[in-house]
Amino acid sequence: MAKMTMVEALNMALRQEMQQDDAVILLGQDIGRDGGVFRVTDGLFAEFGEERVVDTPLAESAIVGMSIGMAVYGLKPVCEIQFSGFAYQGFHQLENHAARMRWRSQGRLHVPMVMRAPYGGGVRALEHHSESREAYWAHTPGLKVIIPSGPRNARALLVSAIRDPDPVIFYEGKALYRAFREEVPEEEETLPIGKAQMVRSGDDLTMISYGAMLRPTLEAADDLRQKDGVTAEVIDLLTLSPLDTQLLVASVSKTGRAVIVHEAPRSFGAGAEIAARLMEEAFFILEAPIERVTGFDLIIPYFSREKSYIPGPARIAAAARRTLNS
Amino acid sequence: MAKMTMVEALNMALRQEMQQDDAVILLGQDIGRDGGVFRVTDGLFAEFGEERVVDTPLAESAIVGMSIGMAVYGLKPVCEIQFSGFAYQGFHQLENHAARMRWRSQGRLHVPMVMRAPYGGGVRALEHHSESREAYWAHTPGLKVIIPSGPRNARALLVSAIRDPDPVIFYEGKALYRAFREEVPEEEETLPIGKAQMVRSGDDLTMISYGAMLRPTLEAADDLRQKDGVTAEVIDLLTLSPLDTQLLVASVSKTGRAVIVHEAPRSFGAGAEIAARLMEEAFFILEAPIERVTGFDLIIPYFSREKSYIPGPARIAAAARRTLNS
Amino acid sequence: MGRKYLDPEIGVELLSILDEYGNLDAELEPQIGNDLHLKMYRAMLVGRRFDERMLDLQRQGRIGTFPPIKGQEAAQIGSVAALRDRDWLAPSFRETAAEIMRGRSLESILLYYNGYNEGTIIPDNQHDMPMSVPVSSQIIHAVGLGFAAKYRRTDEVVMTFFGDGGTSEGDFHEGLNFAAVYQTPVVFVCQNNQWAISIPLARQTRSRTIAQKALAYGMPGIQVDGNDILAVHLAAAEAVARARGGGGPTLLECVTYRIMMHTTADDPKKYRSEEDVERWKARDPLIRYRKYLVEKNILTTHRLSELDEEVEKEIRSAIDRAEEQMRYLGQPLDMFDHLYAELPAELRAQKEALARELDSGIGAKGGANHG
Amino acid sequence: MGRKYLDPEIGVELLSILDEYGNLDAELEPQIGNDLHLKMYRAMLVGRRFDERMLDLQRQGRIGTFPPIKGQEAAQIGSVAALRDRDWLAPSFRETAAEIMRGRSLESILLYYNGYNEGTIIPDNQHDMPMSVPVSSQIIHAVGLGFAAKYRRTDEVVMTFFGDGGTSEGDFHEGLNFAAVYQTPVVFVCQNNQWAISIPLARQTRSRTIAQKALAYGMPGIQVDGNDILAVHLAAAEAVARARGGGGPTLLECVTYRIMMHTTADDPKKYRSEEDVERWKARDPLIRYRKYLVEKNILTTHRLSELDEEVEKEIRSAIDRAEEQMRYLGQPLDMFDHLYAELPAELRAQKEALARELDSGIGAKGGANHG
Ligand SMILES: Cc1ncc(C[n+]2csc(CCOP(=O)(O)OP(=O)(O)O)c2C)c(N)n1
Ligand SMILES: Cc1ncc(C[n+]2csc(CCOP(=O)(O)OP(=O)(O)O)c2C)c(N)n1
Ligand SMILES: [Mg+2]
Ligand SMILES: [Mg+2]
């Protein structure tokens with residue numbers, strides 16, 4: 001097993017799927033000769049050529065729309081939107097068509113496409129390059145939303161996403177791309193879409209997070225254990241939609257307390273749905289209000305202030321302590 | 001006071017604001033000679049001419065984007081998107097610019113625009129003509145989201161929206177356009193943005209709704225009173241963002257129980273945020289899980305099935321009874 | 001060094017073979033076999049009569065809102081007649097005649113306009129896409145289909161339709177640009193019927209023709225008399241041949257007219273004059289074609305009246321079959337089918353909740369709502 | 001009846017007055033006053049030197065990622081020099097020189113690229129929009145501004161900038177179409193620098209020129225040598241005059257080249273050859289213009305070196321002022337300012353929560369993060 005960054009792991013997932021299945025085609029801006037602005041497709045143009053690693057003109061609606069046509073034909077397009085903040089130009093193609101084609105055709109036509117996009121802050125980027133708005137897609141019936149938290153699960157989930165018969169939005173935390181390395185097996189590895197993972201078991205409260213927020217959440221859990229002798233059960237959602245309610249409810253039924261952490265704005269964000277479901281399914285077990293630790297209801301500020309916007313371990317731990325003490 | 005349909009009331013609001021302020025300009029598809037596909041702008045082209053009632057080519061991004069430019073210049077554009085299901089073509093203009101211009105310019109430039117769009121089902125329309133996805137806008141910092149429930153508050157809120165210094169998404173329930181008439185005063189009437197209304201007071205549970213779902217919610221409340229002798233406090237949100245948490249919490253603090261009703265898909269919808277806030281602010285008062293009565297996590301079916309998709313009084317009352325009996 | 005301005009007034013000639021007075025340009029007259037002539041005429045006839053019948057049904061409340069196609073039959077039939085079965089069609093919402101020619105059943109159309117999702121089912125052996133309501137959004141799907149067909153080394157061609165109003169959408173621009181860059185085998189057919197609901201072409205764009213928009217993409221463009229099926233078919237056949245031969249995409253503008261209302265919910269009197277409509281009625285593509293077929297002895301007047309009867313019967317029985325099906329179609333629980341390959345847990349729970357509701361009789365308030 | 005195809009190969013002449021070898025087309029030489037010449041040259045010089053200096057700062061970690069403009073100074077300065085103060089500029093993200101010419105301070109640019117929202121503040125007396133990062137999205141704002149300026153009976157003109165890649169976005173198409181339909185006073189300036197990050201023009205569009213895309217909108221289009229400030233200025237002045245006179249919009253294509261990387265995060269070696277770059281370096285717009293000014297005795301070599309020193313000083317002190325300001329700017333709580341005219345209750349609560357966090361020292365983990 002090689003130690004890989006998330007960029008390398010994603011690159012391996014794409015390469016291996018392309019080697020196995022010539023229906024897998026990549027398209028997007030600068031993914032070819034340039035290898036992608038984050039290098040996720042590095043080397044694939046050289047290996048598979050311009051027919052399968054397709055540099056596109058500068059138009060997101062067309063990138064998504066062309067992927068839909070390819071997918072209906074029977075290919076498995078994986079398109080890259082250079083930054084998730086520019087996916088909205090293709091919003092109507094995703095909502096009007098990618099999410100509906102199977103339904104509209106009564107099962108005749110399928111759209112097995114993946115839309116990859118880097119999301120989130122923390123890399124000192126310019127405006128529109130640091131957004132987290134995964135809730136838009138999660139609220140769109142017909143789409144699935146996957147957000148990995150590290151190299152190994154990113155690779156396994158991307159393979160699963162490519163093989164999934166339905167359209168998948170695959171958000172990659174920029175801050176994770178090169179943040180750390182993990183052992184990633186050369187052999188095929190997949191992960192089930194729609195299943196969360198308990199990454200740390202505990203008894204006193206449940207901490208729920210995903211993507212780039214998992215690590216600060218784990219740091220907060222460590223802090224609680226060390227300073228307060230409190231053990232937190234930490235859940236990594238991995239898939240935001242469909243949501244793995246079962247695992248969340250099972251954990252909270254044990255701990256009676258929950259903190260949800262995400263980088264996206266708080267209001268009408270993913271945390272609200274998670275909190276609502278826990279409240280619905282575990283109401284009589286809950287011992288304290290569920291805490292949401294999230295980005296503020298603001299546009300993420302330019303990078304000199306972004307660290308104060310993005311939840312950090314201290315903010316998360318403080319919220320956990322509030323839950324524990326109420 | 002004349003008895004008006006919501007279409008007539010909205011028309012009056014536009015006419016009066018245009019008469020008072022020549023900065024108010026309307027633009028959209030077929031709003032001129034045709035008077036709009038729902039006749040909301042009927043007669044305004046004749047009264048104000050093509051410079052102020054602007055028929056546009058068929059391009060939503062340009063309709064929203066041109067409104068932004070007009071607003072920055074100092075006009076007060078009110079654009080109509082023919083159906084909310086076609087607003088996504090302008091999604092990036094709303095998220096990238098309308099919602100950000102004041103912030104981006106550090107308060108120098110403002111975007112006092114209103115985007116009107118008919119939303120929701122129940123009128124036997126074709127695909128994409130019956131959607132309710134208000135949560136997309138509510139999750140977008142920088143926008144305000146207003147959804148009136150009848151002729152009188154529609155008129156007052158549209159006036160407030162036009163005068164508001166920030167961009168407002170104004171969703172009009174198609175099913176309400178001609179459903180009933182209300183007395184609407186000729187004199188100026190406004191309503192504060194961000195304030196909900198208690199439309200019926202009660203003690204046993206709180207029913208929260210907005211837009212076209214208010215009336216079935218009231219019918220359900222009647223049913224509960226008659227059949228179960230239960231009094232429900234019914235709250236009409238009117239503004240979805242910013243949400244009037246205070247009034248909601250006050251009511252639930254009294255009743256201890258809540259049912260939230262909307263037509264939009266359940267998951268990651270507005271009901272989740274409302275439930276989460278009530279859980280956060282009134283946790284120790286809540287006596288039963290908050291019920292969400294919503295559209296299913298599906299694309300609203302073609303009209304032969306839409307009545308089974310859209311929450312009706314019976315479904316709402318049943319949910320209320322579950323809350324009361326748990 | 002030096003200067004020269006582009007002349008923005010550049011226009012395109014109209015390709016016309018059989019004009020409204022029945023004059024024929026023998027040199028350009030395409031050699032079309034009688035079978036195809038018959039097939040095209042029959043499809044135009046079905047398209048016309050079915051459209052008229054649907055209007056009655058709509059007025060009687062037996063179907064919902066729909067967009068009539070009267071007057072645009074030649075633009076549609078002449079174009080798709082150039083396709084092979086294995087080719088692809090990516091229609092918008094006003095290609096009823098084209099869809100029928102391609103094999104879509106009349107029942108499915110009636111079911112669709114009566115609010116049944118079952119009305120969009122496409123026969124398995126058919127390559128076509130379901131109609132697309134968001135204006136011009138389907139254009140880009142055609143490019144993706146064409147890219148895939150080329151990638152798979154087939155000689156399949158994709159034809160997509162859109163209106164004059166559709167040329168204003170960003171998707172039109174992005175789609176044609178992608179098609180030209182990748183030289184995908186796509187034929188872009190604009191049914192320029194002069195109106196986008198209440199907006200006339202002159203307020204939709206300032207370009208003198210739609211065909212010239214092809215210049216922006218380095219793509220061939222041609223404008224034809226859309227009510228002249230010979231001209232439409234010739235131009236379409238050339239564009240299809242170019243695409244099939246690896247010559248890339250073409251923009252084909254068919255100049256025609258929307259004789260009826262935009263949809264049955266629309267009232268054209270609010271925005272256009274009757275004279276204009278009358279002038280165009282005189283250019284009726286069906287009558288023009290019929291005259292040609294008779295003069296050429298391809299069809300006898302006797303055969304024509306037989307065809308009228310056949311088509312009447314065909315439509316009547318389709319309506320019967322559709323109304324028969326509506327008795328058992330439209331079960332509420334079916335709405336949970338086909339969103340995903342597999343129903344996620346949350347949706348399963350929602351489906352069960354609806355099932356319970358229906359059993360408990362609460363569902364009574366729901367259910368199909370015809371009429 | 002009959003037929004004729006459009007020739008998709010129609011192109012446009014290049015407007016060129018002062019070529020890379022210093023040859024001058026005296027007939028076309030615009031009569032520009034010495035003050036304007038001086039103003040334009042100085043702005044080009046500041047643009048060039050500031051760009052070079054920012055690259056150093058970025059390499060030293062003293063500012064973040066930014067897009068260099070080297071080689072595009074003439075396209076920018078020649079264009080905006082045709083505007084009056086009351087006119088509007090709607091820039092994209094690579095118009096640093098144009099923004100400076102319009103009055104944006106060097107400090108504000110440094111603050112912006114150092115992640116300070118304060119860096120986008122536009123002086124009150126100025127009509128310009130802040131830079132727009134989403135490609136081509138600003139084009140439509142320009143049309144709205146132009147519509148409003150016309151509605152208010154002013155003679156203000158709006159100029160908007162975008163790149164060659166930007167012409168592929170739907171917003172480019174929708175914006176130019178709207179401008180032509182409403183005849184708004186807008187000048188659309190495309191800085192065709194041959195590259196969109198790693199995508200060369202030939203893979204961006206199949207049209208031989210960008211100027212010819214104007215034909216799709218019935219709008220005049222012109223292509224000029226973008227490194228020839230005399231040509232750029234003449235074409236821009238004509239387009240601005242047309243717009244101001246009620247003649248409607250123009251598409252102006254400036255053919256230039258992106259000499260440097262796309263942004264400091266980009267590595268062009270991955271996708272383009274050095275020869276190409278070298279060939280374009282020989283066409284340097286600044287050197288070409290300086291030569292002209294000296295030959296015309298508009299500037300002496302002595303004055304030139306004085307200017308070099310002045311500009312050096314100006315940049316140095318701007319950097320000092322910016323770094324001085326950064327010591328007190330960037331307070332976390334300020335992020336809640338300016339989203340809405342009035343802070344809604346929920347946001348007030350969130351602001352208070354952050355304030356408490358900062359007091360409690362938890363905020364220590366947050367705060368400004370320079371370098
Ligand atoms: C994106 C989008 N915006 C608006 C509409 C509403 N609408 C339906 S058809 C139509 C006019 C279309 O005109 P045109 O493209 O000329 O086609 P035609 O109706 O004439 O066949 C409009 C505005 C839509 N369906 N999709
Ligand atoms: C809508 C959108 N998509 C993608 C990007 C990322 N991006 C920034 S600049 C750029 C290339 C722009 O090329 P061009 O328009 O030629 O301008 P240039 O960079 O050459 O000045 C891309 C793809 C963006 N900013 N906006
Ligand atoms: Mg039309
Ligand atoms: Mg460029």
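Keep in mind that the numbers below use all heavy atoms, side chains included, and drop hydrogens, waters and symmetry copies.
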Visitor: Side-chain contact test, heavy atoms from C-beta onward, threshold under 4.5 Å: evaluate it for C/Ser132 versus A/Asn96 and give yes or no.
Guide: no

Visitor: Could you tell me the separation between the CD1 atom of C/Ile140 and the CD1 atom of A/Ile63, rounded to the nearest 0.5 Å?
Guide: 10.0 Å

Visitor: Treating C/Tyr340 as the side-chain partner and A/Asp166 as the backbone partner, does any N or O pair qualify as donor plus acceptor under 3.5 Å?
Guide: no

Visitor: Measuring only between side-chain heavy atoms, which start at C-beta, is A/Arg100 closer than 4.5 Å to C/Leu339?
Guide: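 Heavy-atom side-chain distance check fails, nothing below 4.5 Å.
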
Visitor: Using heavy-atom distances under 4.5 Å, tell me whether C/Gln126 contacts chain A through its side chain, its backbone, both, or neither.
Guide: backbone

Visitor: Heavy-atom distance under 4.5 Å to chain C: side chain of A/Asp22, backbone, both or neither?
Guide: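 For A/Asp22, the contact with chain C is made by backbone and side chain together.
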
Visitor: Name the option with the most non-hydrogen atom pairs under 4.5 Å to chain C; the candidates are A/Asp164, A/Ile25, A/Leu243.
Guide: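 Winner by heavy-atom pair count: A/Ile25.
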
Visitor: Please look at A/Gln246 and chain C and tell me whether the side chain, the backbone, both or neither of the residue comes under 4.5 angstrom of a heavy atom of that chain.
Guide: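 Neither part.
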
Visitor: According to the interplanar angle, ranging from 0 to 90°, do the rings of C/His141 and A/His97 count as parallel (below 30°), tilted (30 to 60°) or perpendicular (above 60°)?
Guide: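 Judged by the thresholds at 30° and 60°, the geometry between C/His141 and A/His97 is perpendicular.
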
Visitor: Check each atom of A/Pro57 against the heavy atoms of chain C and say whether the ones under 4.5 Å are side chain, backbone, both or neither.
Guide: both

Visitor: For C/Ala149, which atoms come within 4.5 Å of any heavy atom of chain A: side chain, backbone, both, or neither?
Guide: both

Visitor: Could you tell me the separation between the OH atom of C/Tyr182 and the CE atom of A/Met66, rounded to the nearest 0.5 Å?
Guide: 4.5 Å

Visitor: Is the closest side-chain heavy-atom distance between A/Ser105 and C/Thr120 below 4.5 Å?
Guide: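 Not in contact.
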
Visitor: Are A/Glu51 and C/Arg153 ion-paired here, with the side-chain N under 4.0 Å from a carboxylate O?
Guide: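 Counted as a salt bridge, because a side-chain N and a carboxylate O are separated by less than 4.0 Å.
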
Visitor: Of the backbone (N, CA, C, O) and the side chain (C-beta and beyond), which part of C/Asp337 lies under 4.5 Å from a heavy atom of chain A, both, or neither?
Guide: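 The answer is the backbone of C/Asp337.
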
Visitor: How long is the gap from CD on A/Glu95 to OG on C/Ser137, to the nearest 0.5 Å?
Guide: 11.0 Å

Visitor: So which part of C/Ala345 gets closer than 4.5 Å to some heavy atom of chain A, the side chain, the backbone, both or neither?
Guide: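 Contact with chain A involves no heavy atom of C/Ala345 at all.
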
Visitor: Between CD of C/Glu169 and OG of A/Ser61, what distance do you get to the nearest 0.5 Å?
Guide: 9.0 Å

Visitor: In terms of heavy-atom proximity below 4.5 Å to chain C, should A/Ala71 be classed as side chain, backbone, both, or neither?
Guide: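 Neither part.
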
Visitor: Working to the nearest 0.5 angstrom, can you tell me the gap between A/Tyr73 OH and C/Lys150 NZ?
Guide: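 These two atoms lie 13.5 Å from each other.
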
Visitor: Check whether C/Asp334 gets within reach of chain A through its side chain, its backbone, both or neither, counting any heavy atom under 4.5 Å.
Guide: neither

Visitor: Taking C/Glu174 for the side chain and A/Ala62 for the main chain, is one N or O donor matched with an acceptor at less than 3.5 Å?
Guide: yes

Visitor: For the side chain of A/Arg102 and the backbone of C/His338, is there at least one donor-acceptor N/O pair under 3.5 Å apart?
Guide: no

Visitor: If I measure from the heavy atoms of chain A, does C/Glu118 come under 4.5 Å with its side chain, its backbone, both, or neither?
Guide: both

Visitor: Got C/Phe147 and A/Leu27 here, is their nearest side-chain heavy-atom distance under 4.5 Å?
Guide: no

